[in-house]
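Whatever order the structure lists ligands and atoms in, that order sets their numbers, starting from 1.
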Amino acid sequence: MYRMASYDEPLLNELPQTDAKTGGKPPLPETLRRDRLDIPRLDERSLVRHYIHLSQMNYGVDTGIYPLGSCTMKYNPRLGERLAGRHRMTMLHPHQDASTVQGILEILHRLKQMLCAITGMHAFSLQPAAGAHGEFTGMLIARAYHERHGEQRSEVILPDSAHGTNPASAKMAGYDVVEISSREGRVDLDALREALSEDTAAFMLTNPNTLGVFERDILEIADMVKKAGALLYYDGANLNAIMGKARPGDMGFDIVHLNPHKTFATPHGGGGPGAGPVGVTTELEPYLPVPRVARDGDGYTWSYGHPYSIGHVSHFYGNVPVLLKTYAYLLRMGAGLQHVAEQAVLNANYLLSRLDSRWYTLPYPGRRMHEFVVSAEPLKERGVRALDLAKRLLDYGLHPPTMYFPLIVPEALMVEPTESESRASLDAYAEALNHIAAEEPELLQRAPQRTPVTRIDEAKAARTPLLTWRDIEEQQ
Ligand SMILES: *Cc1c(COP(=O)(O)O)cnc(C)c1O
C-alpha cells in the first residue's frame, strides 16, 4: 500500500536559527554594509533536511509514471543534466565575444541543422523560451510576412481541439481568433473552407491533434490554406508520435515550433525550464529573430544584419542549457528517434486497450498516436467525476493524467504514457484506473487520503493563492 512521506515541515524562518557569526570583518565598504540581513540563518544540515523533506512530499517523473497528456512527462536521461551542469557550460557568459565561445556556437548551429532535418523546415531560430513563446514568435513572423506583401490580414483560425496557448498567442500578436468545430475528432474541412478568407493570416494546427488523432487530410488542408493566401502553422509542442517518421515541412506547414522540454528530454513542470525553437520555410527565413548563429569562415558568429527580422524575442540567445540537452539527446538517439516514436504510439494504444470500456469511453473510434483522450462520463450517474478519479490515483502512488482537456470531450482524461514506461508500469496503471472506477463514490470524492496534502479547494487555491511568506503575513 502506498503512502507518501508526510512532515509537518516548518518554513525556513520558522526553523531554529543558528547564531550569526560573521567570521571577521566582511570585505565590504562601510557604506554598503547592513547590520542585519533579513534572511533565515541556518546551517547546511538543517537546510538539506528541509529540502529533502519537501522533495519526499512531492511526486516527479523520477518517482513513477507521470502520464500527463499533451505535457509529455517522460524520463529524462541524466546525461543531459551532467552536460548542462558542467563548469565550462555554467560559466559561459552571454556577453562574451564570439571568438571565445566557438564551441557552444557550433553546437547551436548543428542543433539548428538537426531540427531542420527532423521537421523538414528550411531554417530555425533557437531564441524563444517556451512553446507558447514559439507560437507568439511564429505569429509575429506571419504578421511581418503579410505586411511586407502589403496585406492586412486580421484573423487566425484554430480548431476547437487547440491547446489553450494557441488562441492566447494569436491574440497577443494582435489577431482575432476564429474557432472552427471538429468533425469526428478531426478538422472539419467544410468549416475550414467557410472560415478561410482574405482576412486569414494563418491556420494553427497540431498534428497529431490533442485527441491523439492524426489529421489525415493534412495535404488538402495545406492546399486550402495556401490558396487563401494564408500561412499554415504547426504546433509541434509534442513531436513524439511522428519524429523520424513524418515531417511537418513535407505536410505543407510554413511555420513550426517545437518543445524540446517535451520531446527531447528536459525535466520540466511548474513553469520551466523550456525552449521553443521556431522553424520556417525558405520564404519566411528573412523574418526570423536576430541574432542568429551563422558560419563565419571556419568558425561561427552572431549575425544581426537581417533588415526584415522581427528582432529579439528573448534576452540573449535563448535557453542555452535546454538546447544543449536537446543536442545531447538527439546525438545519443540518432536514428533511434524513430524507435521513440514507435514506442510512444505503442504504449498509448496498449494502455488504451487495457482500460475497461464500461467506464472509460473513447469519443471517436480508431487507433491513437502518442496519447489518447477517454471520457469518464459513464461514472457520472454514480456521482463520480474525472477529478475524483484523478485524485484517487494519487492514493495509489500514481500521477493522474491531464483532466478536462481538450474541452470538446466531457469528463476528459488525457493520457500520454510516453515511450519511457515499461509494460509492467502500463499494466499497473490500467489496473489502478479500472479498480478505482468500481470503488465507492464517497471514497473517491474524499480522495486523496494518503498524501500529505489531501483534497484542496481548487477554486480557492486558484483565486487566492498564498505562495510566499509575504502573502501569508499579509493574510494574517
Ligand atoms: C505544452 C503545449 C504548448 C505550450 O508549450 P509551453 O512550453 O508550455 O509554453 C502548446 N501546444 C501544445 C499542444 C502543448 O502540449
Would you call the rings of His133 and Phe136 parallel, tilted or perpendicular, taking 30° and 60° as the class edges?
parallel

Salt bridge (charged side-chain N to carboxylate O under 4.0 Å, His left out) contacts touching residues 54-65 (sequence neighbours left out):
Asp62-Arg78

Atom indices of ligand 1, in the order listed, that fall short of 4.0 Å to a heavy atom of [X]:
{"X": "His261", "answer": "7 (O)"}
{"X": "Asp235", "answer": "10 (C), 11 (N), 12 (C), 13 (C)"}
{"X": "Ala132", "answer": "4 (C), 5 (O), 6 (P), 9 (O)"}

Suppose we measure from [atom] to each protein heavy atom; which comes out shortest, and what is that distance?
{"atom": "atom 6 (P) of ligand 1", "result": "Gly131 N, 3.5 Å"}
{"atom": "atom 5 (O) of ligand 1", "result": "Asn259 ND2, 3.0 Å"}
{"atom": "atom 2 (C) of ligand 1", "result": "Lys262 NZ, 2.4 Å"}

When only distance counts, is His133 in polar contact with ligand 1, meaning an N/O pair under 3.5 Å?
no

Classify the side-chain pair Thr281/Asp254 by whether it contains a donor and acceptor separated by less than 3.5 Å.
no

Does any donor atom in the side chain of Lys325 or Asn76 lie under 3.5 Å from an acceptor atom in the other side chain?
no

Stepwise side-chain hydrogen bond (donor to acceptor under 3.5 Å, both in side chains) test for Asn238 and Glu416
CA-CA 11 Å; Asn238 191 326; Glu416 181 181 2; 2.9 Å; yes

Going through the checks in order, is the side-chain hydrogen bond (donor to acceptor under 3.5 Å, both in side chains) test met by Tyr287 and Arg148?
CA-CA 10 Å; Tyr287 311 100; Arg148 189 170 157 213; 3.1 Å; yes

If you draw the axis of the six-membered ring of Tyr175, does the NZ or CZ of Arg143 fall within 45° of it and under 6.0 Å from the ring centre?
yes

Can Glu135 be said to touch ligand 1, with heavy atoms closer than 4.0 Å?
yes

Any Asn238 heavy atom less than 4.0 Å from ligand 1
no

